Participant: 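Got a structure here, written out as structure tokens. Questions coming.
What you are looking at is a predicted structure, and each value in this text was computed from that prediction instead of being measured. Sequence lines set the chain letters: A, B, ... in the order given, protein chains first and strands last, and positions in each chain run from 1.
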Number of protein chains: 2
Amino acid sequence: MQPSKARTRRVTLRDVARAAGVSINTASRALNGKPDVSEATRARVQAVAAQLDYRPNQVARGLRQQKTATLGVVVADLANPFFAEVAEGIERTAATEGYSIILANSEENQHREEQAVRTLVERQVDGILITPTQQSEATVRYLMQRHVPFVLVARYFEGLDVPAVVNDDREGARLGVEHLITQGHREILFLNGPPYNSSAKLRLRGYQDALEAAGIPFRPSLVINTDARSSGGYAAIQQALASGVRFTAVACFSDYVSFGAIRALRQAKLRIPEDVAVIGYDDIDLAAIVEPALTTVHIAKTRLGQVAAHMLLGMIGSSSTDQPQVGLTVLPPQLVIRESS
Amino acid sequence: MQPSKARTRRVTLRDVARAAGVSINTASRALNGKPDVSEATRARVQAVAAQLDYRPNQVARGLRQQKTATLGVVVADLANPFFAEVAEGIERTAATEGYSIILANSEENQHREEQAVRTLVERQVDGILITPTQQSEATVRYLMQRHVPFVLVARYFEGLDVPAVVNDDREGARLGVEHLITQGHREILFLNGPPYNSSAKLRLRGYQDALEAAGIPFRPSLVINTDARSSGGYAAIQQALASGVRFTAVACFSDYVSFGAIRALRQAKLRIPEDVAVIGYDDIDLAAIVEPALTTVHIAKTRLGQVAAHMLLGMIGSSSTDQPQVGLTVLPPQLVIRESS
DNA sequence: TTGTATGCGTTATCAC
DNA sequence: GTGATAACGCATACAA
């Protein structure tokens with residue numbers, strides 16, 4: 001008996017083949033369910049493989065097949081439940097379809113995003129899903145130039161004809177503001193996100209749409225750009241209060257911004273919704289739990305990820321030449337009225 | 001001029017070598033900063049590589065080097081901000097150290113967890129980080145038997161001597177309950193997590209520790225196991241109220257459970273903290289934002305992930321034989337008193 | 001200093 | 001139905 005190695009070598013296809021008394025080729029065909037292998041040998045090989053607890057080396061397979069069954073995912077902010085849920089949706093459909101995901105977090109930083117994408121390309125992912133920071137179009141152009149299949153999630157570039165799955169931001173914002181107007185509000189503060197963000201741009205339009213439909217003139221002084229964080233909402237309300245602008249309602253870029261806004265409003269002894277109505281956007285699960293429960297625009301976050309992943313897998317599957325005709329998929333938002341408005 | 005292919009082949013090291021007029025070997029050495037290559041050729045090769053926009057194929061490299069620079073991560077619930085933040089910490093240090101992460105979500109399902117781990121092993125990850133569901137020890141045993149470096153995060157198995165990075169759950173719970181007692185509470189409801197969860201077990205002990213230190217007898221009727229979700233907290237409070245048990249404070253397994261509990265208490269017209277004090281656990285960022293701001297036990301979530309990742313990288317780096325002597329790292333929790341108590 | 005040859009583990013192309 | 005053999009892209013032991 002040989003002295004056992006401290007670290008036993010992994011069992012390879014060669015080991016299985018040898019133990020089963022067949023060629024390595026036959027072993028491969030047997031295990032992969034390929035035709036032209038007798039049931040007898042197939043069964044024998046499978047038995048041996050199971051007994052040896054053989055696991056195919058996906059790295060070798062990936063190299064050989066020029067296909068890794070891996071999707072690259074770069075999200076803008078993993079700590080934000082919105083993106084975490086999107087990622088969850090992506091992961092779920094990927095797993096269901098036999099794909100793994102390599103996840104990167106850009107932290108809303110353009111440089112990190114570009115770096116992440118380069119890494120993913122080096123790792124030969126079959127496709128990439130990305131919620132772009134949108135501080136530049138560099139990432140998208142790089143991917144197109146490299147002919148790497150990709151789809152944008154939650155955000156997209158208006159000028160570029162690239163595959164994307166988004167929420168109907170304009171309609172969602174319009175819905176929310178319309179609701180506020182229906183409640184009798186005419187002076188509606190809008191705490192928006194960063195101006196380069198496509199959702200922010202579109203939600204601003206939705207805000208304007210709703211005003212226009214009600215014959216309320218648009219006043220730029222009522223919109224404040226924030227960094228889309230709760231601290232941004234908090235600061236924006238303080239700023240608004242200090243500046244003396246009058247408002248009876250505030251529509252926010254996200255639930256997070258809402259939470260910050262609500263906190264600032266309360267510190268100013270304003271009651272919600274009696275003194276000021278507040279609506280958010282996203283409908284993260286905490287929105288329904290906090291007090292007052294937040295009126296907000298629901299986005300099917302998990303679904304967003306699932307649909308995007310399916311779209312990407314479709315692009316990968318159809319081995320035809322570059323097909324940019326996949327286009328934009330828009331998911332409908334949904335207003336959910338709770339207690340804050 | 002040739003008709004251009006719809007999809008141009010990727011540029012390989014061979015292409016670079018050819019264009020630079022050197023052997024593929026020299027090209028490799030030049031680009032990888034290996035010694036024994038003249039500065040002249042190195043510069044030339046690098047220039048050619050840059051001009052061709054050469055990207056090394058990490059799959060091929062991984063196969064050759066028996067090392068993928070990839071970490072497998074399986075979290076229990078990606079949609080839960082706690083795990084999302086842990087994952088964020090892992091991703092950040094991995095990226096910093098030149099590693100990518102393959103992320104899987106077990107959704108607290110033992111079967112999915114085992115499946116995920118098998119996939120990760122097949123993909124030749126260099127190590128695995130996992131927040132185990134703990135419904136069985138199968139995963140850990142599998143990893144040990146396979147000699148795959150791994151470390152447990154946030155949860156661990158008391159009987160097993162495996163590397164893990166956790167929060168000091170017992171001390172954290174003790175701290176929180178002690179605080180409640182200091183405020184004069186003696187009838188403290190404890191909404192705990194599932195009984196197989198190591199954090200739940202330890203926090204129960206912490207709860208008991210605090211009671212004992214104050215000379216308050218432990219009453220099993222005051223502890224209710226929940227599924228650790230907000231709906232679980234909500235239901236638990238309703239149950240407690242219906243059963244008629246008296247309590248003036250409630251300590252919760254997590255902030256999520258707290259939120260559900262608070263909602264149920266408010267529906268019963270109980271004021272917080274005047275009628276009932278509430279404390280949570282985790283200190284997710286929303287805890288500071290909601291009204292009333294939640295008193296809770298802070299866990300350095302991102303740090304948890306970072307420390308665990310570093311530990312794993314250390315295990316991978318030290319190419320010594322299996323070293324199970326790495327052991328347990330315990331991070332100190334911190335009580336943060338806000339408005340709900 | 002540089003080139004040649006081999007192999008990582010697998011699948012695919014061909015004979016047999 | 002089965003088995004050699006090549007190739008995927010790269011890194012390395014060794015020869016030159």
Participant: Pairing donors with acceptors under 3.5 angstrom, does anything connect the side chains of Gln124(A) and Thr68(A)?
Facilitator: no

Participant: Do Glu137(A) and Arg155(A) sit within salt-bridge range, that is, some charged N less than 4.0 Å from a carboxylate O?
Facilitator: no

Participant: Kindly check if the number of other-residue, nucleotide or ligand heavy atoms within 6.0 Å of CZ (Arg118(A)) is above 12?
Facilitator: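 Counting other residues, nucleotides and ligands, CZ of Arg118(A) exceeds 12 neighbours.
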
Participant: Hey, which sits more toward the 5' end of DNA chain C by its nearest nucleotide, Asn25(A) or Thr26(B)?
Facilitator: Thr26(B)

Participant: When you measure from the side-chain N and O atoms of Lys67(A) to the phosphate of dC8(D), is any distance below 4.0 Å, counting only OP1 and OP2?
Facilitator: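 It does not, given that no N or O in the side chain of Lys67(A) lies less than 4.0 Å from OP1 or OP2 of dC8(D).
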
Participant: Any salt bridge between Glu107(A) and Arg92(B), counting N to O under 4.0 Å?
Facilitator: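 Arg92(B) and Glu107(A): salt-bridged.
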
Participant: Can you find a side chain N or O atom of Ser28(B) that sits less than 4.0 Å from OP1 or OP2 on dA11(D)?
Facilitator: yes

Participant: If we check side chain to side chain contact (heavy atoms under 4.5 Å, CB included) with Pro132(A), which of these qualifies: Thr139(A), Val162(A), Leu152(A)?
Facilitator: Leu152(A)

Participant: Heavy-atom nearest nucleotide on DNA chain D for Arg44(A) versus Ile24(A): which residue maps closer to 5'?
Facilitator: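 Taking each residue's closest nucleotide, the earlier one in sequence belongs to Arg44(A).
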
Participant: Arg29(A) has an atom CZ; how far is it from atom C1' of dA4(D), in whole Å?
Facilitator: 14 Å

Participant: Taking atom P of dA16(D) as reference, at what distance in whole Å does atom CG of Asp36(B) sit?
Facilitator: 18 Å

Participant: Rounded to the Å, how far apart are Leu13(A) CG and dC8(D) P?
Facilitator: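 Nearest whole value for this atom pair: 20 Å.
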
Participant: Please examine the side chains of Arg141(B) and Leu160(B), heavy atoms only from C-beta on, and report whether any two atoms are closer than 4.5 Å.
Facilitator: yes

Participant: Is there a side-chain contact between Ile24(B) and Thr12(B) (heavy atoms, below 4.5 Å)?
Facilitator: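 Of all side-chain heavy-atom pairs linking Thr12(B) with Ile24(B), none is under 4.5 Å.
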
Participant: Please determine if Lys34(A) and Asp36(A) form a salt bridge, counting it only when a charged side-chain N lies under 4.0 Å from a carboxylate O.
Facilitator: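 Asp36(A) and Lys34(A): not salt-bridged.
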
Participant: Heavy atoms within less than 4.0 Å of DNA chain D: which residues of residues 54-66 of chain A have one? Give them sorted by number.
Facilitator: Leu63(A), Arg64(A), Gln66(A)

Participant: Whole-Å distance between dC10(D) C1' and Arg14(B) CZ?
Facilitator: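 Spelled out: CZ on Arg14(B) to C1' on dC10(D) is 11 Å.
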
Participant: Contact between Arg123(B) and Asn57(A) at the side-chain level, heavy atoms closer than 4.5 Å - yes or no?
Facilitator: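 They are not in side-chain contact.
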
Participant: Check this for me, if you would: do Arg61(B) and Glu122(A) make a salt bridge, where the nitrogen-to-carboxylate-oxygen distance has to be below 4.0 angstrom?
Facilitator: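 Salt bridge absent between Arg61(B) and Glu122(A).
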
Participant: May I ask you to verify if any side-chain N or O of Ser38(A) is less than 4.0 angstrom from the OP1 or OP2 atom of dT2(D)?
Facilitator: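 Checking dT2(D) against Ser38(A), a side-chain N or O does come within under 4.0 Å of OP1 or OP2.
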
Participant: Bend across the helix from dT1(C)-dA16(D) to dC16(C)-dG1(D), to 10°, with axes taken over 5 pairs at each end?
Facilitator: 50°

Participant: Checking Asp15(A) against Arg10(A) for the salt bridge (charged side-chain N to carboxylate O under 4.0 Å, His left out) test, could you report, in this order, the C-alpha distance in whole Å, the side-chain angles of both residues, the deciding distance, and whether it holds?
Facilitator: CA-CA 9 Å; Asp15(A) 301 321; Arg10(A) 282 189 169 127; over 6 Å; no

Participant: What range of DNA chain C does chain B touch, first nucleotide to last, counting atoms under 4.0 Å from its heavy atoms?
Facilitator: dT1(C) to dG9(C)

